[in-house]
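Source: prediction; values computed, not measured.
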Amino acid sequence: MAKVRLKDVAAVAGVSQGTASNVFNRPETVTPELRTLVLDAAARLGYTGPQPVARMLRSGKVGLVALLTDESAADVISDAYGRRLLAGAARACDAAGIGLTIVGDAAKGETRSGWSVETALADGFVLYCFAEDEIFERVRRRNLPFVGIDGGRRAGVVSVGIDDEVAAAEAMKTLTGVGHRRIGILSMELSGEGGGGPVDPDEQFSATYETTQLRLKGYRREAAAVGLEPQDLPTFQTFKDEASVANGVAWLMDRPEPPTAIAAMSDVIAMIAVSQLKARGYGVPDDVSVVGFDGVPEGAYLDPPLTTVAQPAEEKGEAAVEILLGTRVSQNLVLPAKVISRRSVAPKGR
């Protein structure tokens with residue numbers, strides 16, 4: 001049986017091939033009556049529409065933006081902050097009439113099966129939380145536009161983010177400002193190597209993940225304003241999961257002088273920490289105050305509601321895609337972050 005072509009549909013419908021093409025490719029330009037006429041003819045002939053590959057070859061466009069991440073796609077979607085960032089990116093893609101896909105574990109490159117930087121079909125890339133130069137070089141070799149989110153600042157790369165150092169300093173100020181001086185830090189990963197555990201004060205300066213480094217710097221800068229040295233802020237590296245945060249809480253609270261407050265580098269870490277503190281018999285905030293970072297909606301429903309640094313995750317994703325597509329001025333964008341004070345922080349010795 002001969003393959004049905006668009007010109008066959010046009011002939012049966014009694015319209016030009018251009019009109020038939022518009023029904024499938026630009027339906028808003030065709031009257032409802034003509035659309036019905038052409039689609040009925042296509043159904044009778046068994047024609048399902050232009051082949052996506054052929055359309056891509058003609059236009060030179062795939063109609064997709066790819067978000068590259070060093071985590072698995074499942075990890076990004078399951079993370080409260082990641083979901084909000086994806087929602088913003090998806091909103092910008094919806095407005096542009098294109099799709100959004102995720103390339104997880106992107107740093108593994110050509111050694112992994114499936115999507116990779118080298119094989120992903122996309123018109124451009126959003127790089128989420130990358131610090132290594134190697135990934136940027138691999139993306140450049142694709143000769144496609146790209147924008148970074150929450151990664152290291154580097155020459156020639158347009159980025160979207162917040163001032164993590166200033167935001168972390170504000171988080172620390174919520175604790176020092178109400179009298180806390182014994183303060184522990186539950187950190188995100190410092191680099192892609194090694195396991196979680198206690199962080200030597202000097203390790204801050206060797207962290208390859210710039211977001212972590214800047215937040216540590218902000219915590220310590222504000223603590224210094226009340227006379228605290230880096231060694232006065234016991235720090236534990238976590239992976240934002242139950243096991244590592246539980247280990248961090250145990251390490252902090254089993255110290256000879258346990259902290260009266262904890263600064264957590266993400267809301268996910270903070271919420272797990274609150275659960276672990278309660279399991280160990282501590283009241284929050286009566287015994288231990290906790291401040292998070294990110295402003296995820298779930299924090300407002302915690303018991304007690306979580307004090308946090310709210311950052312505009314959805315706007316980050318939306319802005320990155322808009323810059324990528326040229327609908328927003330292409331420049332480095334620093335978005336505002338602010339402290340939301342809730343009941344997980346109380347004055348020392350209340």
Side-chain angles (χ1 to χ4, degrees), residues 1-69 73-74 76-77 82-104 114-128 139 142-147 149 158 160 312-330:
M1 185 176 179
K3 182 178 180 180
V4 179
R5 300 181 183 278
L6 184 63
K7 65 179 182 180
D8 302 320
V9 175
V12 170
V15 301
S16 70
Q17 187 171 335
T19 297
S21 175
N22 284 340
V23 168
F24 290 98
N25 296 299
R26 298 167 59 204
E28 72 280 359
T29 67
V30 182
T31 66
E33 293 77 15
L34 275 178
R35 285 202 301 272
T36 300
L37 188 65
V38 171
L39 292 174
D40 284 347
R44 292 200 302 273
L45 295 174
Y47 179 75
T48 57
Q51 292 298 312
V53 173
R55 182 183 295 171
M56 182 184 72
L57 291 173
R58 287 195 302 272
S59 68
K61 296 290 185 181
V62 180
L64 279 175
V65 166
L67 183 136
L68 304 184
T69 170
V76 175
I77 293 169
R83 285 196 301 273
R84 291 174 60 222
L85 189 142
L86 284 172
R91 185 164 56 238
C93 287
D94 288 345
I98 61 175
L100 176 68
T101 189
I102 303 174
V103 181
W115 285 120
S116 71
V117 173
E118 288 74 22
T119 63
L121 295 176
D123 298 317
F125 296 105
V126 173
L127 279 65
Y128 173 40
V139 171
R142 288 293 306 271
N143 292 317
L144 293 170
F146 62 93
V147 175
I149 296 180
V158 177
V160 177
E314 290 189 24
E315 189 176 348
K316 280 184 180 182
E318 187 173 21
V321 171
E322 289 174 345
I323 291 171
L324 189 69
L325 299 177
T327 57
R328 185 185 285 231
V329 176
S330 178

List, one per line, each side-chain donor-acceptor pair under 3.5 Å for residues 16-24, sequence neighbours excluded.
residue, atom, partner, partner atom, Å
Ser16, OG, Thr19, N, 3.1
Ser16, OG, Thr19, OG1, 3.0
Ser21, OG, Asn25, ND2, 3.1

task: Specify the closest pair of heavy atoms between Val147 and Ala320, including all atoms of both residues, with the distance to one decimal.
output: CG2-O, 3.8 Å
query: Between Leu144 and Gly124, which heavy-atom pair has the shortest distance, and what is it?
result: CB-CA, 4.4 Å
message: How long is the straight-line distance from CG of Asp123 back to CG of Leu64, given to the nearest 0.5 Å?
response: 7.0 Å
- request: Could you tell me the separation between the CD1 atom of Ile149 and the CG atom of Leu67, rounded to the nearest 0.5 Å?
  value: 6.5 Å
- prompt: Residues two or more places apart in sequence or in another chain: which of them pass salt bridge (Lys or Arg N to Asp or Glu O under 4.0 Å) with Arg84?
  reply: none
- request: To the nearest 0.5 angstrom, please state how far the CD1 atom of Ile102 sits from the OG1 atom of Thr69.
  value: 8.0 Å
Listed partners of Arg83 passing salt bridge (Lys or Arg N to Asp or Glu O under 4.0 Å), at least two apart: Glu298
Shortest non-hydrogen contact between Tyr128 and Gly82, atoms and distance: OH-CA, 4.3 Å
- request: Decide yes or no on side-chain contact (heavy atoms from CB on, under 4.5 Å) for Asp8 and Tyr47, but give the supporting numbers first.
  value: CA-CA 9 Å; Asp8 302 320; Tyr47 179 75; over 6 Å; no
query: Please, which pairs that meet salt bridge (charged side-chain N to carboxylate O under 4.0 Å, His left out) have at least one residue in residues 312-321, sequence neighbours excluded?
result: Arg91-Glu314, Arg91-Glu318, Asp150-Lys316
message: Applying side-chain contact (heavy atoms from CB on, under 4.5 Å), can you list everything that pairs with Ala96, at least two apart in sequence or on another chain?
response: Ile98, Leu325
List, one per line, each side-chain donor-acceptor pair under 3.5 Å for residues 34-43, sequence neighbours excluded.
residue, atom, partner, partner atom, Å
Arg35, NH1, Pro27, O, 2.9
Arg35, NH1, Val30, O, 2.6
Thr36, OG1, Pro32, O, 3.0

